[in-house]
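So the structure is just underneath, and the comments pick up after that.
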Amino acid sequence: MAYDPRPVEPSIYKRWLEAGVFQPRADGEPYVIVIPPPNVTAELHVGHALNNVVQDVLIRFERMRGRAVEWLPGTDHAGIATQNVIEKQLAAEGKTRFDLGREAFVERVWQFVRATGNTILEQLKTIGCSCDWSRTRFTLDPAYSRSVREVFVRLWDEGLIYRGHRVIHWCPHCLTALSDEEAEHHETQGNLYHIKYPFEDGSGFVTVATTRPETMFGDIGLVFNPKDKRHAALKGKRVKIPLSGVVIPIATDDAVELGFGTGLLKVTPAHDANDFEIANRAWPKEDKPLIMTEDAHMEKSSRVPVDLQGLDRFEARKKIVKQLENQGLLVKVEQHQHSVRRCYRCDTIVEPRLSDQWFVKMKPLAEPVLAAYYKGEYDLVPERWRASYENWMKGMRDWNISRQLWWGHRIPVFTCTNGHQWADREDPTSCPKCGAKVEQDPDVLDTWFSSWLWPFATFGWPEPTPDLQRFYPGHTLVTAPEILFLWVSRMLMSGYHFMGKRPFRTVYLTGTVRDTKHRKMSKSLGNGVDPRAVVKLYGADALRWTLIAGSSIGADVILDPNDLDTTFAPGRNFANKLWNIGQFVLGQLPQSVPSIDAIDRRSLTLADRWILSRAQATVREATASLEQFRLDEAAKRCFEFAWNELADWYVEAVKPRMTGASAATPQAVLAYCFDLGLRLLHPVVPFITEELWQKLPMRKTGELLATAQWPAVRPDLEDPRADREFGRVKIAIEQIRSIRAEYRVTPKTKLRATIVARGNDKPATFAGERDTIVRLAQLESLALDGVPLGVGAHAVFGDGSEVVVALEGIVDVSNECRRLSEEYHRLDKQLQSLSARLTNESFVSRAPQDVVAKEREKEKAWRDQRDVLAKKLESLGCS
RNA sequence: GGGCGAAUAGCUCAGCGGUUCAGAGCGCCUGCCUUACACGCAGGAUGUCGGGGGUUCGAAUCCCUCUUCGCCCACCA
């Protein structure tokens, strides 16, 4: 019977919700994760799925360990992104936001957000995320907005916010300023235009190279490096800007790269941040003319030729190049690979633009955060991000926080008609100084200026709420490395600055989900894997399994969008396996299952002791792996326990014992192990484990696996001897099966075998599991006395013991000779290299003693094994 | 230009100085409907661990270098 997750998962999730298990328990040490708030308009994609499943695994693990777990969910108003969505809608109606006006536009965004927002949170439920939905937050909630405003006013009062007049990244499509981090670099194949600038006196020209010819009308001069001998004579000369004829001076500046272009740089201070700096040094009193409008069309200004005015910047560029060419002012055009900044929301090429914006001074915020990092107050996992992080924290420039948008937190700066200016927690009606009329700054704050407060604003800061006291600081932050600088570093800054404490202990940076060509999955490339489709096809557990078990810590996850079946089969197969183990186990258990502690220990067989011991090892290893964020390791270890140990060996070994009076012991062991496996696997595959767990007869009514206790290692059940001895039983069975396959003996044919024990463990080791060996190797009989069986096939154990399978009339002696002799030579070769090492003086003297000792033991065992093979070959009369 | 990461079986990956370390899952081959499971069971094949050099008694594992791919940062117009 195959497991079908579709009807199970939604009903299990509903039970969790109804039982309220996602809310933190009243007592216990807190464990807090705040979700990286997705954009309120977002739809779940596979990157979210990875990110949030990792969080859910950690959360479920800690919840089962008894912590008061708070996983705070919520969404981000995402200023630019959301505003863009609505503007697109308006555009389809032939309108712009200016047609509606500010108030009506914002109202329209709210309507949209209220109607369709938060769908992503609903989608998180389908993949099993156990967030505390009772504390869902939105960055524009009234309480959250108060926190934002409080932070702004405090920074203002501390003098950390200032009005800066400088060149910022401007998106001509979104019509707003962007921060450095929001203007992304993209390598682009462009042109380098070499243009003649004639001397004012008509005595010739100089050549200047530029990638953006259309900016030349904003030039206020040319500069060259003072060390550049080629141009020494140019200093003090004046040239005319082509096409406009505006006369500009030539000066020197150290910032000019000696080897690049012609060595002459045109300075456009209003449209290039670098040029702005140069202009301030070379011509501090000169005007810095803007020659483009906000939407990047050529300005109607006296500096711009009339026929170019009003043209889009790229149209203008084409036309300018043509005109230069016609007038013989274009020397050449070179292909030029360079980096162009684009808006991270709409991909439009950013136009640097001189303007007035609000900035936050970053140094005072960043320094304590970096110092705390050096002190080890918080960690990045994996640690390899250290260098980038450090580098960025040290080199960070001031943060432009004003956005010329309408959707967001309005900047609480007020100016009265008499010029008084201040930041205010309330909306004033008149100037407190002079009583004059006041006006609020029209801009809104950068979205990150609200999300950087997420770890404490969500809990009610600045009010000293009980939540804030209990849930700050948090513990783990799980996020994509892309927003390490944009978001994580700033949360650390706000946390230290306003709370005086780190916001979290560990920053777990996940990998990126990519396709098989290692391209990031994205809507525009159409190479995405839709997690919702995966859930429908294979179930949420299968999705989770592939995401968690399929990638190690912080590594990229490669998924093949064209072969979902191969990608998600492992998880589906495993869920099915678990389901069927459950069918078997549940079929064996009586209404009242004996506890493992209630049964007589003396009734435990070797197989019982073995699986109980394996269970302890699994708990130990899985717990340790989870504590070290090695989720893949933990998942795989539990998989091995359930499938390769419990199902493949224990269940098979124990089947004959499941009936009759003596069944109580295996029932108890089976129940214990299955229950334990379900608990350990629950964080990774919560749905199927809960569903099965609900059917366990020993479960108390109303109990849920989601809040059941994480297993502890029980030293009394650890049994290294059983591990070793049952290990030998397994080898015996495998050897016999292997011989059967090699000689093509049909499964129906019952074989006779004998075991000759030569090692430390006496035949008694096998005696206890004789029936198991007989059954699983499909034998007719198994002798343990080593009595020869005539013609047979041999397999030798590591310690020289051997198993002989009688094959009279079946075996071909020459075939067996060949087989054994291959085995002999393989072993002999290994032995020789080992012996060589052991007679090597430098190895024996320099290698650690325990390694040498181990190698000696190994040598002895191999020698024994080889000698047995030699005798066998001799007795068979092999040449 | 600076920094980081990856390169291991056909595919996706684990292992990151010393126990058969050359592994797992998927795929492939052979045989099985063995009363939990064919989304399964049993048995198998497959890799000069990217190339080269070095350190070491010993290297997939450490160092250097090259090649290929990817990412991050950066004011060469």
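The chains referred to below are lettered A, B, ... by the order of the sequence lines, with proteins before strands, and numbering in each begins at 1.
OP1 or OP2 of B:A74 lies within a sub-4.0 Å distance of a side-chain N or O belonging to A:H185. In terms of phosphate contacts, A:K577 brings a side-chain nitrogen or oxygen within less than 4.0 Å of OP1 or OP2 of B:C41. The phosphate of B:G43 (OP1 or OP2) has no side-chain N or O of A:R744 nearer than 4.0 angstrom. Taking side-chain N and O atoms only, A:S738 has a distance below 4.0 Å to OP1 or OP2 of B:G44. Close to B:G27, at under 4.0 Å from its OP1 or OP2, lies no side-chain N or O of A:T566. In this structure, A:N573 does not reach the B:G25 phosphate: none of its side-chain N or O atoms is under 4.0 Å from OP1 or OP2. Within the structure, every side-chain polar atom (N or O) of A:K520 is placed at least 4.0 Å from both OP1 and OP2 of B:G70. A close approach under 4.0 Å does occur between a side-chain nitrogen or oxygen of A:R737 and OP1 or OP2 of B:G43. For the OP1/OP2 pair of B:C75 and a distance below 4.0 Å, the side-chain nitrogens and oxygens of A:R281 include no atom meeting the criterion.
A salt bridge between A:E640 and A:K636 is absent, with no side-chain N of the basic residue lying under 4.0 Å from a carboxylate O of the acidic one. No salt bridge links A:D254 with A:R281; every basic N to acidic carboxylate O contact stays at or beyond 4.0 Å. Taking the charged nitrogens against the carboxylate oxygens, A:E390 and A:K394 do have a contact shorter than 4.0 Å, which makes a salt bridge. Taking 4.0 Å as the cut-off between side-chain N and carboxylate O, A:E351 and A:R212 count as a salt-bridged pair. Here A:R866 does not pair with A:E859 in a salt bridge; the nearest charged N to carboxylate O distance is not below 4.0 Å.
To the nearest 0.5 angstrom, A:N225 atom CG is 11.0 Å from A:L264 atom CG. Residue A:I688 holds its CD1 atom at 11.5 Å from CH2 of A:W545, rounded to the nearest 0.5 Å.
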Output a table of nitrogen or oxygen pairs between the protein and nucleotides 2-11 of chain B separated by less than 3.5 Å.
none

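Using a 4.5 Å heavy-atom threshold, the side chains of A:H194 and A:T262 count as touching.
Contacts of A:V557 with the nucleic acid, taken as non-hydrogen atoms under 4.0 Å apart, are absent. Base contact: A:V256 has a heavy atom under 4.0 Å from a base atom. Within the 4.0 angstrom heavy-atom criterion, base atoms lie near A:A2. When heavy atoms are screened at a 4.0 angstrom cut-off, A:H336 is found touching the sugar-phosphate backbone but no base atom. Base engagement by A:K655 is indicated by at least one non-hydrogen atom pair under 4.0 Å involving a base atom. Within the 4.0 angstrom heavy-atom criterion, no nucleotide atom of any strand lies near A:D563. Contact annotation for A:R514: backbone-only contact, meaning every heavy-atom pair under 4.0 Å involves sugar-phosphate atoms and none involves a base. No engagement by A:F574 is indicated, since no non-hydrogen atom pair under 4.0 Å with the nucleic acid exists. Within 4.0 Å (heavy atoms only), A:W579 reaches no atom of the nucleic acid at all. Within 4.0 Å of A:S339, counting heavy atoms only, lies at least one base atom of the nucleic acid.
Using atom P as the reference point in both B:C26 and B:C41, the two lie 9 Å apart (nearest Å). Separating the P atom of B:C69 from that of B:C63 is a span of 24 Å, rounded to the nearest Å. Between B:A42 and B:G54, the distance separating the two P atoms is 47 Å to the nearest Å. Between the P atoms of B:A77 and B:A7, the separation comes to 34 Å (whole Å). Taking the C1' atoms as reference points, B:G18 lies 27 Å from B:U65, given to the whole Å. B:U46 and B:U8 have their C1' atoms separated by 13 Å, given to the nearest Å. Here, B:G5 and B:A9 have their C1' atoms 23 Å apart, quoted to the whole Å. Nucleotides B:G47 and B:G40 have their C1' atoms positioned 28 Å apart, rounded to a whole Å.
Residue A:E621 contributes atom CD, which lies 19 Å from atom P of B:A14 at whole-angstrom precision. Residue A:E652 contributes atom CD, which lies 12 Å from atom P of B:G43 at whole-angstrom precision. Atom CD1 of A:I278 is separated from atom C1' of B:C75 by 8 Å (rounded to the nearest Å). Atom P of nucleotide B:A38 and atom CD of A:Q583 are separated by 12 Å, given to the nearest angstrom. Distance, A:L265 CG to B:C76 P: 12 Å, rounded to whole Å. For A:D556 and B:A14, the CG to P distance is 10 Å, given to the nearest whole Å. We find that CG of A:D254 is positioned 19 Å from P of B:A77, with the value rounded to whole Å. Distance A:Y193 OH to B:C76 P: 19 Å, rounded to the nearest Å.
Between A:E182 and A:Y344, the side chains place a donor N or O and an acceptor N or O closer than 3.5 Å (distance only, hydrogens not considered). Between the side chains of A:K266 and A:T215, at least one donor N or O lies within less than 3.5 Å of an accepting N or O. Inspection of the A:E187 and A:Q337 side chains reveals an N or O donor paired with an N or O acceptor under 3.5 Å.
Of the candidates B:A77, B:G43, B:C37, the closest approach to any side-chain atom of A:T211 belongs to B:A77. Comparing B:C13, B:A36, B:A74 by their closest approach to the side chain of A:I581 singles out B:A36. Closest approach to the A:F843 side chain among B:C75, B:G18, B:C37 is made by B:G18 (side chain taken as heavy atoms from C-beta onward). When each of B:A77, B:G43, B:C26 is scored by its nearest atom to the side-chain atoms of A:T210, the top-ranked nucleotide is B:A77.
Evaluated for a side chain to side chain contact (heavy atoms under 4.5 Å, CB included) with A:L192, the options A:H336, A:H338, A:Q335 yield exactly one hit, A:H336. Paired with A:F574 under the rule ring-ring contact (aromatic ring centres under 6.0 Å, His included), one option of A:F639, A:F568, A:W579 passes, and it is A:F639.
When each of A:R572 and A:A209 is assigned the nucleotide of RNA chain B bearing its nearest heavy atom, the one mapping closer to the 5' terminus is A:R572. Toward the 5′ end of RNA chain B lies the nearest nucleotide of A:Q588, the other residue of the pair A:E187 and A:Q588 mapping further downstream.
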Given Watson-Crick or G-U pairs with both distances under 3.5 Å, what dot-bracket string fits RNA chain B, with | for other-strand pairs and [ ] for crossing?
((((((((.[[[[.)..(....]]]].(((((.......))))).....[[[[[..)....]]]]])))))))....
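Residues A:T749 and A:V745 share a closest heavy-atom pair of CB-CG1, 3.6 Å. Residue A:A251 comes nearest to A:A282 through the heavy atom pair CB-CB, 4.4 Å, listed as atom of the first residue, atom of the second, then distance.
For the contact set between residues 631-647 of chain A and RNA chain B, defined by any heavy atom under 4.0 Å, the members are A:W643, A:A647.
Note on ring orientation: taking the six-membered ring where Trp is involved, the planes of A:F485 and A:W392 are parallel (angle under 30°, cut-offs 30° and 60°).
Put simply, the side chain of A:Q778 and the base of B:A42 share no donor and acceptor less than 3.5 Å apart.
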